[in-house]
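For reference, the structure discussed in these notes is given below.
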Amino acid sequence: MAKFLTNRDENYAQWYNDLVIKADMAENSAVRGCMVIKPHGYALWEKIQSGLDRLFKETGHVNAYFPLFIPKSFFSREAAHVEGFAKECAVVTHYRLKNDPDGKGIIVDEDAKLEEELIIRPTSETIIWNSYKNWIQSYRDLPLLINQWANVVRWEMRTRLFIRTAEFLWQEGHTAHATAEEAIEETNRILNLYAGFVEDYMAIPVIKGYKTENERFAGAIDTYTIEALMQDGKALQAGTSHFLGQNFAKAFDVTFTDKTGKLDYVWATSWGVTTRLIGALIMVHSDNSGLVLPPRLAPLQVVIVPIYKSEDQLNTISAEAKKIKASLESEGITVKYDDRDTHKPGWKFADYELKGVPVRLVLGPRDIENKTVEICRRDTLEKSTRSTEGLTGHIVSLLGDIQSNMLVRARRFRDENTFKVDSWNDFKAVLDDQGGFILAHWDGTVETENRIKEETKATIRCIPLDAPEEEGKCVYSGKPSRRRVLFARSY
RNA sequence: CGGGGUGUGGCGCAGUUGGUAGCGCAUCUGGUUUGGGACCAGAGGGUCGUCAGUUCGAGUCUGGCCACCCCGACCA
């Protein structure tokens, strides 16, 4: 396990703040708990965006954009929704500043008080459904499949870099359907899309399931989730997809006329993933040398570092490096040739490892003489020297190897840290000794769920979709249970 | 909001019984180096979180305020 996750003296945020991504929490009080995502970190978000966006479009979704501000009255239409978010909303009350008459800088102009306060969106269901009311009249307007890339603000009491920041970037899908079946189908389609993306691109294995009533999204009938396991044995919710039933349609009076001429409320879904995915990527794959990026997500896939003494040597090496670079690029690989003379090779090696670049090629005088190149793969840090003959094909398959190896490794870790537990003592022992996922029977009651949470801090991450039916007894109460659910301590 | 901790050059820190600020890294200049984060020499950079008080004198003592971090409650 990476040092930064086990060494409790240093917190992991500091580790990647200092070493990897430089995403400082903003210092100013007014933007407390927010991130400054520096270019290297933001490039990862752009890769996540472009990958997901393509998948959304392939499944018939389109992008739109809605306002940042939500009138307070919109927000309170859906009872469960307002209750869920009320405690963490940033509220805009004024629209103007003025010079302090006492000369002490600038103050809020009390004359510019808003008649109705504006909430900075913590999520956009309400303002979007307020629009949908005007957009939907007939079954011919359905389904409405819209996604938004945006920022949202949730005034969390405690923030954590990437995992829970006051402001974060995300995508939120909001769809409307003519029938419950179609909406549920959409909910599942997105869940599978998320799981596929996170596993195929990010090399993070996930468990698909649905949430207990306790853990459900505020205003949802059902919340589906993908749950990932971090290297320190804690779970992280990596994405959610909600079946909202007719709750929001009723709250915003969104009706449509069906084929038989009957008026009905539409059925809704919403779903989202956030910059938390970057946190997951860091906490699943990093090692003591820094970040490890799966090739499909790496903004830079191959870096070439020259080693030289004289100008002449550099020229010869550069000519060869540029040939290799062009050849790799013709295969769609992103390559950087780093011939800066401001840093030494050793410094560059360490720096690119810290940044997680999947493959490093090194060219020195020795290599030019032997027509070879040194190859170092980031996932295992193995070095080898091979002929430049057929190099491009080799790199293409090496990148594929790294991608699949990372998923295999993460899945092995996940499986080795997933425990079937049948007694309360074992349950507590597993949590205290190593953490990880626990599959255990649960009697289905909120009381038991809460008791377990109070006593162990473990929560039900989800009821796995593929959980087989089996007779059992609740690990806490001993009452009968039909299937195992997934417990863990979580972020 | 409870419990703990911390605010001193860009970053990380030291600063003794109160005497007018220092170290490492980073930066800049020159030179030697370059196959795993180079070395030597020199240089620049700080109203010590903030406001008030005590004092001849405050980074240091006293009080208020502000902010941040960690552990909870809350949560993508």
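All chains are named by letter (A, B, ...) in the order of the sequence lines, taking the proteins before the strands, and each is independently numbered beginning at 1.
Proximity of a side-chain donor or acceptor of Lys371(A) to a complementary backbone N or O of Thr388(A) within less than 3.5 Å is not detected.
Val273(A) places none of its side-chain heavy atoms less than 4.5 Å from the side chain of Trp170(A).
What separates CH2 of Trp347(A) from P of C25(B) is a distance of 16 Å, to the nearest Å. The distance from atom CD of Glu311(A) to atom P of U33(B) is 15 Å, rounded to the nearest whole Å.
Residue Thr240(A) is classed as having no contact, given no heavy-atom separation below 4.0 Å to the nucleic acid. Contact annotation for Phe217(A): no contact, since no heavy-atom pair falls under 4.0 Å across all strands. If you check every strand for non-hydrogen atoms under 4.0 Å, Gly364(A) touches a base.
Pairing for A38(B) goes to U32(B), judged as Watson-Crick or G-U wobble with the two contacts each under 3.5 Å. The partner of U55(B) is absent, by the rule that a Watson-Crick or G-U pair needs both atom distances under 3.5 Å. Base pairing annotation: G9(B) forms no Watson-Crick or G-U wobble pair, as no partner gives both donor-acceptor distances under 3.5 Å. Nucleotide A26(B): unpaired (no Watson-Crick or G-U wobble partner with both distances less than 3.5 Å). Both distances falling under 3.5 Å, in either a Watson-Crick or a G-U wobble arrangement, occur for no nucleotide opposite A76(B).
If you look at Phe487(A) and Phe427(A), their ring centroids are closer than 6.0 Å.
OP1 and OP2 of C39(B) both lie 4.0 Å or more from every side-chain N or O belonging to Lys344(A). Contact annotation: Lys309(A) does not reach the phosphate of G35(B) (side-chain N/O to OP1 or OP2, under 4.0 Å).
Closest to the side chain of Asp351(A), from the set G35(B), G37(B), A76(B), is G37(B). Between A76(B), U34(B), G37(B), one nucleotide has an atom nearer to the side chain of Ile307(A) than all others, and that is U34(B). Of all nucleotides listed (U34(B), A76(B), G36(B)), G36(B) comes nearest to the side chain of Cys376(A). Comparing G35(B), G36(B), A76(B) by their nearest atom to the side chain of Arg360(A) picks out G36(B). Comparing U34(B), A76(B), G36(B) against the side chain of Lys383(A) picks out G36(B) as the nearest.
Taking the C1' atoms as reference points, G53(B) lies 24 Å from G15(B), given to the whole Å.
Surrounding CZ of Arg386(A) are more than 12 heavy atoms belonging to other residues, nucleotides or ligands, all under 6.0 Å away.
Between Asp232(A) and Lys234(A) there is no salt bridge, since no side-chain nitrogen of the basic residue lies less than 4.0 Å from a carboxylate oxygen of the acidic one.
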